[in-house]
Asker: 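So that we are looking at the same thing, I have put the structure below in structure tokens.
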Amino acid sequence: METKSRDAVKQVINLKGEPLDLDYTFGSGQIFLWRKIGDWWLGNIGPSAVLMAKDGDDLAVRCEPPLSTVEVERFLALDVCYSEVTSKGPKDPFSVSLLERYAGLRILRQEPWFCLVTYLVSASLSIEAIEKALGRISEGGLRRTVDGHSLNLFPGPAAFLNLKRPRRGYLGRKWTYIREAARKLERGDMDFQQLRSASYEEAWSSLVRDRGNGTMGVGPKVADCVLLFSLDKAEAFPIDRWVLRGLLEHYPKLVPLRIRDRMEGSKGSNLTLVEYRELSSNVRAYFGPFGGWIQECLFLDARTVSRPTDPWVA
DNA sequence: GCCCAGGTGCGGC
DNA sequence: GCCGCACATGGG
């Protein structure tokens with residue numbers, strides 16, 4: 001009989017000077033269901049519960065069940081050189097200052113299914129509400145514990161299909177969209193590996209709902225989020241209301257005149273599909289192959305200006 | 001109560 | 001194609 005919870009093996013990953021800021025990375029709103037406990041961040045990578053903390057140029061990691069170093073590095077995208085992100089980005093002062101200010105904010109390689117569900121749910125919800133909804137769904141998942149800290153794994157597509165709604169009407173039609181996506185994955189009508197190896201344009205077009213094709217609930221912005229955060233499309237540049245505000249303020253030349261005029265009028269109506277494509281094309285040409293990494297800084301910056309009290313953003 | 005939140009689908013012009 | 005609205009739901 002064990003009298004106390006056993007300690008998971010502690011791994012140490014040397015970062016070799018590669019910038020990594022866990023607070024920016026996990027607090028930026030790109031991923032959900034990770035939480036900070038003291039100096040440690042707790043969440044899951046695949047089937048494992050994970051604790052990680054920075055220690056100088058090292059990263060301390062505890063996993064249960066254990067993961068290889070490569071699996072952790074892959075999740076954190078440590079194979080992407082930050083110096084390349086910087087050098088391949090535009091040289092205007094604001095972009096440069098963003099990457100300096102948020103140095104070490106890395107775009108994670110999330111699990112695609114969880115990422116898809118996250119952004120299907122996200123439409124027109126606050127970050128707090130998204131977190132809450134995902135947490136409720138994950139109550140139907142397997143429980144994992146590392147060093148006495150527990151969490152629920154997010155249910156996969158097959159497990160999700162066996163779930164009951166927490167309560168009637170919960171998430172409305174979004175619940176149906178998630179279910180349909182799960183079915184497509186189970187049937188093989190949607191294949192993340194194919195999307196990962198396809199070009200950005202191909203993958204985007206096959207995800208977006210347009211004239212009966214694509215996936216219900218996946219518009220242009222959700223598609224960009226899934227591609228950037230889980231399918232290795234670093235040039236994807238999701239444009240939500242915050243990023244649009246940031247672009248209007250700092251890069252008005254990139255925003256087609258028609259959009260600029262309409263936004264100045266009063267409250268922001270949404271972009272049409274055609275407008276989104278045009279703006280997206282402009283910003284991807286400008287920000288380059290790692291545009292998504294700058295997008296996340298821009299998102300954080302635009303939100304910080306408006307909400308300076310957010311926990312990890314100040 | 002009212003407004004806003006990492007948008008999207010739909011029906012009417 | 002574009003516009004306006006419904007959609008859920010928690011927090012300020």
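We name chains A, B, ... by the order of the sequence lines, and we start the count at 1 in each one.
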Asker: Which nucleotide in the list B:dT8, B:dG6, C:dC2 gets nearest to the side chain of A:Ile127?
Answerer: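 The closest nucleotide is B:dG6.
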
Asker: Looking at A:Arg303, does any N or O in its side chain come under 4.0 Å of the phosphate oxygens OP1/OP2 on B:dC4?
Answerer: no

Asker: Under 4.0 Å, heavy atoms only, any strand: does A:Val218 hit a base, just the sugar-phosphate, or nothing?
Answerer: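 Sugar-phosphate, no base atom in range.
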
Asker: How many Å lie between CZ on A:Phe229 and P on B:dG6, as a whole number?
Answerer: 13 Å

Asker: Does a salt bridge link A:Arg183 with A:Glu180, judged by any charged N lying under 4.0 Å from a carboxylate O?
Answerer: yes

Asker: Looking only at side-chain atoms of A:Tyr170, point me to the closest of C:dT9, B:dG6, B:dG7.
Answerer: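 Given the options C:dT9, B:dG6, B:dG7, the side chain of A:Tyr170 is closest to C:dT9.
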
Asker: From C-beta outward on A:Met216, which listed nucleotide comes closest to its side chain: C:dG10, B:dC10, B:dG7?
Answerer: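 Per side-chain heavy atoms of A:Met216, the pick is B:dC10.
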
Asker: Is there side-chain contact between A:Phe75 and A:Leu108, with at least one heavy-atom pair below 4.5 Å?
Answerer: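 A side-chain contact under 4.5 Å exists here.
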
Asker: How is A:Leu171 classified with respect to the nucleic acid when contacts are heavy atoms under 4.0 Å: base, sugar-phosphate, or nothing?
Answerer: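 Contact class for A:Leu171: sugar-phosphate only.
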
Asker: For the side chain of A:Leu125, starting at C-beta, report the closest nucleotide among C:dT9, B:dG7, B:dG6.
Answerer: C:dT9

Asker: Within the structure, does a side-chain N or O atom of A:Arg241 lie under 4.0 Å from either OP1 or OP2 of B:dA5?
Answerer: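 The answer is yes; a side-chain N or O of A:Arg241 sits under 4.0 Å from OP1 or OP2.
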
Asker: For A:Phe299, which contact category applies under a 4.0 Å heavy-atom criterion: base, sugar-phosphate, or nothing?
Answerer: base

Asker: Assess whether atom CG of A:Asp39 is packed by more than 12 heavy atoms of other residues, nucleotides or ligands within 6.0 Å.
Answerer: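 At most 12 heavy atoms, drawn from other residues, nucleotides or ligands, come within 6.0 Å of this atom.
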
Asker: To the nearest Å, give me how far apart CD1 (A:Ile130) and C1' (C:dA8) are.
Answerer: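 Answer to the nearest Å: 13 Å.
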
Asker: Quote, to the nearest angstrom, the P distance that separates C:dC5 from B:dG6.
Answerer: 23 Å

Asker: Specify the residue among A:Ala223 and A:Arg245 whose closest nucleotide of DNA chain B lies further upstream toward the 5′ end.
Answerer: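 Result of the comparison: A:Arg245.
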
Asker: Please check if the number of heavy atoms outside A:Arg165 that lie under 6.0 Å from its CZ is greater than 12.
Answerer: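 Yes, because the 6.0 Å sphere around CZ of A:Arg165 holds more than 12 heavy atoms from other groups.
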
Asker: Any salt bridge linking A:Arg258 with A:Glu278? Criterion: basic side-chain nitrogen under 4.0 Å from a carboxylate oxygen.
Answerer: no

Asker: B:dT8 and C:dG11: how far apart are their P atoms, nearest whole angstrom?
Answerer: 24 Å

Asker: Looking for any heavy atom pair under 4.0 Å, which part of the strands does A:Gln30 touch: base, sugar-phosphate only, or nothing?
Answerer: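 Touches a base.
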
Asker: Pick base, sugar-phosphate or nothing for A:Lys174, based on heavy-atom distances below 4.0 Å to the nucleic acid.
Answerer: nothing

Asker: Could you check which of C:dT9, B:dG9, C:dC2 has an atom nearest any side-chain atom of A:Arg209?
Answerer: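 So the side chain of A:Arg209 is nearest to B:dG9.
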
Asker: I'd like to know if the side chain of A:Thr25 reaches the main chain of A:Leu22, judged simply by a donor and an acceptor atom lying under 3.5 Å from each other, with no hydrogens or angles considered.
Answerer: no

Asker: Flag yes if A:Leu273 and A:Val243 sit in one hydrophobic cluster, no otherwise; membership is Ile, Leu, Val, Met, Phe, Trp, Tyr, and two members link when side-chain heavy atoms are under 4.5 Å apart.
Answerer: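 Looking at the clustering, A:Val243 is in the same group as A:Leu273.
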
Asker: Using the side-chain heavy atoms of A:Ser124, tell me which of these nucleotides is nearest: B:dG7, C:dC3, C:dT9.
Answerer: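 The answer is B:dG7, which lies nearest to the side chain.
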
Asker: Describe the nucleic acid contact of A:Gly172 in one word from base, sugar-phosphate, nothing, applying a heavy-atom distance below 4.0 Å.
Answerer: sugar-phosphate

Asker: Where the side chain of A:Trp242 is defined as all heavy atoms beyond and including C-beta, which of B:dG7, C:dC7, B:dA5 is the nearest nucleotide?
Answerer: B:dA5

Asker: Could you tell me how far C:dC7 sits from B:dC3 if I compare only their C1' atoms? Round to whole Å.
Answerer: 16 Å

Asker: Round to a whole Å and report the spacing from NZ of A:Lys132 to P of C:dA8.
Answerer: 19 Å

Asker: For a quick test of reading the model: is some side-chain N or O of A:Arg167 closer than 4.0 Å to OP1 or OP2 of C:dT9?
Answerer: yes

Asker: For A:Glu128 and B:dA5, give me the distance from atom CD to atom C1', rounded to whole Å.
Answerer: 9 Å

Asker: Under 4.0 Å, counting only non-hydrogen atoms across every strand here, what does A:Glu296 touch: a base, just sugar-phosphate, or nothing?
Answerer: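 A:Glu296: base contact, heavy atoms under 4.0 Å.
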
Asker: Remember a base hit wins even if backbone is also touched, and classify A:Arg136 as base, sugar-phosphate or nothing at under 4.0 Å, heavy atoms.
Answerer: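 If one applies the 4.0 Å heavy-atom cut-off, A:Arg136 turns out to touch nothing in the nucleic acid.
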
Asker: The side chain of A:Thr272 lies closest to which of these nucleotides: B:dT8, C:dC3, C:dG10?
Answerer: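 In terms of side-chain proximity for A:Thr272, the closest of B:dT8, C:dC3, C:dG10 is C:dC3.
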
Asker: If you pin A:Ser122 and A:Arg173 to their nearest nucleotides in DNA chain B, which one's is more 5'?
Answerer: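 The residue whose closest nucleotide sits nearer the 5' end is A:Ser122.
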
Asker: Tell me the interatomic distance from A:Lys221, atom NZ, to B:dG6, atom P, rounded to whole angstroms.
Answerer: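 Distance, rounded to whole Å: 9 Å.
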
Asker: To the nearest Å, give me how far apart CG (A:Asn270) and P (B:dA5) are.
Answerer: 11 Å

Asker: Tell me: CZ of A:Phe32 to C1' of B:dG6, nearest whole Å?
Answerer: 7 Å

Asker: Which is true for A:Tyr276 with a 4.0 Å heavy-atom rule: it touches a base, it touches only sugar-phosphate, or it touches nothing?
Answerer: nothing

Asker: Within the structure shown, what part of the strands sits under 4.0 Å from A:Tyr119 by heavy-atom distance: base, sugar-phosphate, or nothing?
Answerer: base

Asker: Looking at A:Arg109 and A:Asp79, is any side-chain nitrogen of the basic one under 4.0 Å from a carboxylate oxygen of the acidic one?
Answerer: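 Here A:Asp79 pairs with A:Arg109 in a salt bridge, since their nearest N and O are under 4.0 Å apart.
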
Asker: Could you tell me the separation between the CZ atom of A:Arg262 and the P atom of C:dC2, rounded to a whole number of Å?
Answerer: 9 Å

Asker: Hey, does the side chain of A:Arg211 come within less than 4.0 Å of B:dG9's phosphate (OP1/OP2), counting only N and O?
Answerer: no

